[in-house]
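Note: hydrogens, waters and symmetry copies are ignored here, and every other heavy atom, side chains too, is used.
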Amino acid sequence: ATFTQAVNRNIATAPGAFVSTCLPMSGGCGGTSSSSASLTIRITHGAQRRVLVLPREAAAAALEAEVWREFGVKPGRQRLICRGRILGSEPLLILESLLTAGSDELQVMLMVSEPPVSRVRGGVDLLLLRARAWLGVAWNVVYRFFHTLLAPAEYAREPGRSARGARA
């Protein structure tokens with residue numbers, strides 16, 4: 001039995017179970033294009049490439065789980081793009097509906113979004129930076145005001161001199 005037949009047998013013996021097989025990208029799928037029970041998904045993430053084999057009736061959520069297992073990217077941070085659609089926004093989408101006529105292979109690109117915590121932290125850091133700048137301005141205004149009350153001679157001009165220091 002070939003590798004592809006063994007995978008198809010595993011899928012057939014465990015209905016509803018999603019079996020994933022990681023194959024090398026350069027080696028191809030060994031004839032899985034003729035199989036009607038499975039779907040070949042080629043995933044690209046930067047320089048990394050993987051081939052997953054899932055049942056045709058698998059949902060996008062199952063693909064996200066397999067991507068998590070293969071690439072280590074949690075589903076909340078995944079942006080799986082296939083044929084112009086972001087699959088994460090539709091977790092119940094059946095992958096078979098994305099196929100073109102006569103094909104059983106999908107090309108998917110994985111993009112990783114930054115975690116929400118770092119986005120919030122970036123927003124908090126920006127807020128703190130702005131608050132510090134405003135406090136600095138307020139401190140300078142208050143300091144100058146009280147300094148003019150305590151040391152008015154430092155701010156008084158000599159009679160007959162302009163603001164620039166030249167005689168009038």
Side-chain angles (χ1 to χ4, degrees), residues 1-140:
T2 66
F3 179 76
T4 305
Q5 292 169 341
V7 169
N8 289 338
R9 200 173 326 115
N10 286 339
I11 292 170
T13 58
F18 298 124
V19 178
S20 167
T21 307
C22 182
L23 301 172
M25 193 72 158
S26 61
C29 299
T32 57
S33 60
S34 63
S35 172
S36 63
S38 63
L39 176 64
T40 303
I41 304 167
R42 295 180 182 274
I43 301 177
T44 304
H45 173 56
Q48 299 178 27
R49 289 171 168 65
R50 302 274 196 288
V51 175
L52 299 177
V53 178
L54 293 174
R56 285 185 163 273
E57 62 276 352
L63 177 61
E64 288 178 347
E66 291 302 320
V67 168
W68 183 12
R69 190 176 67 78
E70 291 293 330
F71 290 96
V73 178
K74 292 186 178 182
R77 295 184 56 209
Q78 295 176 13
R79 295 295 172 259
L80 296 171
I81 301 170
C82 178
R83 300 186 68 206
R85 293 174 81 173
I86 299 176
L87 302 182
S89 62
E90 305 172 44
L92 298 178
L93 175 72
I94 302 298
L95 296 176
E96 185 175 24
S97 66
L98 297 172
L99 292 173
T100 57
S103 173
D104 65 346
E105 183 173 302
L106 289 176
Q107 296 283 340
V108 177
M109 181 172 55
L110 169 63
M111 296 179 69
V112 179
S113 65
E114 69 180 54
V117 173
S118 68
R119 272 187 251 143
V120 169
R121 179 156 175 81
V124 170
D125 289 343
L126 182 62
L127 182 65
L128 289 175
L129 185 65
R130 288 182 179 169
R132 183 175 175 216
W134 278 108
L135 284 174
V137 168
W139 171 253
N140 287 334

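The OG atom of Ser113 sits 6.5 Å away from the CZ atom of Arg77 when rounded to the nearest 0.5 Å. Put simply, CD on Glu105 and CZ on Arg42 are 4.0 Å apart, with the number rounded to the nearest 0.5 Å. Rounded to the nearest 0.5 angstrom, Arg56 CZ and Thr40 OG1 are separated by 9.0 Å. The CD atom of Glu66 lies 9.0 Å from the CD1 atom of Ile43; values are rounded to the nearest 0.5 Å. One finds the CZ atom of Arg79 at 9.5 Å from the CE atom of Met111 (value rounded to the nearest 0.5 Å).
A 4.5 Å side-chain heavy-atom check between Thr100 and Arg83 finds at least one atom pair inside the cut-off. Contact annotation: the side chain of Leu87 never approaches that of Ile81 to less than 4.5 Å [non-hydrogen atoms, C-beta and beyond]. Proximity of Leu106 to Leu63: side-chain heavy atoms (C-beta onward) are nowhere separated by under 4.5 Å.
Sorted by first and then second residue, the ring-ring contact (aromatic ring centres under 6.0 Å, His included) pairs involving residues 78-99 (not counting sequence neighbours) form an empty list. Note on residues 72-102: no pairs pass ring-ring contact (aromatic ring centres under 6.0 Å, His included), not counting sequence neighbours. Pairs engaging residues 57-93 under the ring-ring contact (aromatic ring centres under 6.0 Å, His included) rule: His45-Phe71 [sequence neighbours left out]. Screening residues 82-113 for ring-ring contact (aromatic ring centres under 6.0 Å, His included) gives no qualifying pairs among residues at least two apart or on separate chains.
For Glu64, the side chain to side chain contact (heavy atoms under 4.5 Å, CB included) partners are Pro75, Gln78, Leu80, not counting sequence neighbours. Remark: Arg85 pairs with Glu90, Leu93, Leu98 by the side chain to side chain contact (heavy atoms under 4.5 Å, CB included) rule, at least two apart or across chains.
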| Yes or no on side-chain contact (heavy atoms from CB on, under 4.5 Å) for Leu95 and Ile41, after CA distance, side-chain angles and deciding distance? | CA-CA 9 Å; Leu95 296 176; Ile41 304 167; 3.7 Å; yes
| request: Apply the test side-chain contact (heavy atoms from CB on, under 4.5 Å) to residues Glu70 and Leu52: give CA-CA distance (whole Å), side-chain angles for both, the deciding distance (0.1 Å), then the verdict. | output: CA-CA 9 Å; Glu70 291 293 330; Leu52 299 177; 3.5 Å; yes
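Smallest separation of non-hydrogen atoms from Ser97 and Ile94: OG-O, 2.6 Å. The heavy-atom pair separating Leu39 from Asp104 by the smallest distance is CD1-O, 3.5 Å. The nearest pair of heavy atoms linking Cys82 to Gln107 is SG-O, 3.5 Å.
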